[in-house]
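To start, the structure under review is shown below, and the notes come after it.
Just so we're clear, the structure is a prediction, and the values are computed from it rather than from any experiment.
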Amino acid sequence: MEQHAQPAREGGMISAGRPPRPLRRWEASRYLKDSFGIDAAVSTLAKYACLGGGPEFYKAGRQPLYPIDRLDEWALARRGELVRSTSEDRRG
C-alpha cells in the first residue's frame, strides 16, 4: 500500500497551500528575537502600534495580528548594513 505525505498541521488545522497565519503580539516578539536577534518586547511592539515605527499589523477586533512577511521586512530594514568596525557607522 502506498503512503502519502500528510499535510503540515498548524495550531490543529491543516495548513497545506496556505500562507502561515499571522502572529499575535507575544509571538511576534519571540519570532523577531529567534529569527533576527532583535529584542522587541511585547510592550515595545504595543508602543509602536500606537506611535508608529513598528511592523505593520492587522486588527482582529482588539487583537493585533502580525503577518510574518511584514515582520521580516521590518526586521531587515531595521537591521542595517554589515560593517567591519564601529567606526564604520553609516547612519547619517
Side-chain angles (χ1 to χ4, degrees):
M1 186 184 283
E2 185 177 328
Q3 292 185 350
H4 297 282
Q6 294 292 319
R9 292 188 165 273
E10 183 177 316
M13 298 186 66
I14 295 176
S15 62
R18 285 188 284 172
R21 68 172 178 78
L23 303 178
R24 295 178 67 158
R25 189 170 279 149
W26 70 269
E27 294 171 310
S29 175
R30 182 175 292 166
Y31 175 80
L32 291 168
K33 175 68 173 173
D34 293 346
S35 299
F36 297 96
I38 294 176
D39 286 319
V42 173
S43 60
T44 302
L45 292 175
K47 179 178 152 184
Y48 288 152
C50 291
L51 302 177
E56 294 178 312
F57 60 94
Y58 298 109
K59 285 184 71 177
R62 293 178 41 166
Q63 181 67 49
L65 299 172
Y66 294 84
I68 292 174
D69 61 335
R70 300 304 171 105
L71 290 169
D72 292 344
E73 290 172 14
W74 181 79
L76 291 172
R78 185 165 186 217
R79 188 168 62 180
E81 296 181 30
L82 286 173
V83 296
R84 294 186 186 273
S85 74
T86 57
S87 64
E88 291 184 42
D89 188 9
R90 298 173 190 221
R91 288 182 266 172

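Distance alone, capped at 3.5 Å, is enough to place a donor-acceptor pair between the E27 side chain and the R24 backbone. Between the side chain of T44 and the main chain of A40, no donor-acceptor pair closer than 3.5 Å is present.
The shortest distance between side-chain heavy atoms of F36 and L71 does not fall below 4.5 Å. By the 4.5 Å heavy-atom criterion applied to side chains, S29 and L23 are not counted as neighbours.
If you chain together hydrophobic residues whose side chains sit under 4.5 Å apart, L76 and L45 fall into the same group. Residues W74 and I68 are members of one and the same hydrophobic cluster, defined by side-chain heavy-atom contacts under 4.5 angstrom among Ile, Leu, Val, Met, Phe, Trp and Tyr.
Summarising the geometry of R70 relative to P55, their closest heavy-atom pair is O-CB, 4.3 Å, with the distance given to 0.1 Å. Pairing each heavy atom of R25 with each of P64, the nearest pair is NH2-CG, 3.2 Å.
In this structure, NZ on K59 lies 11.0 Å from CG on L65, to the nearest 0.5 angstrom.
The aromatic rings of Y66 and F57 sit tilted, their planes meeting at an angle between 30° and 60°.
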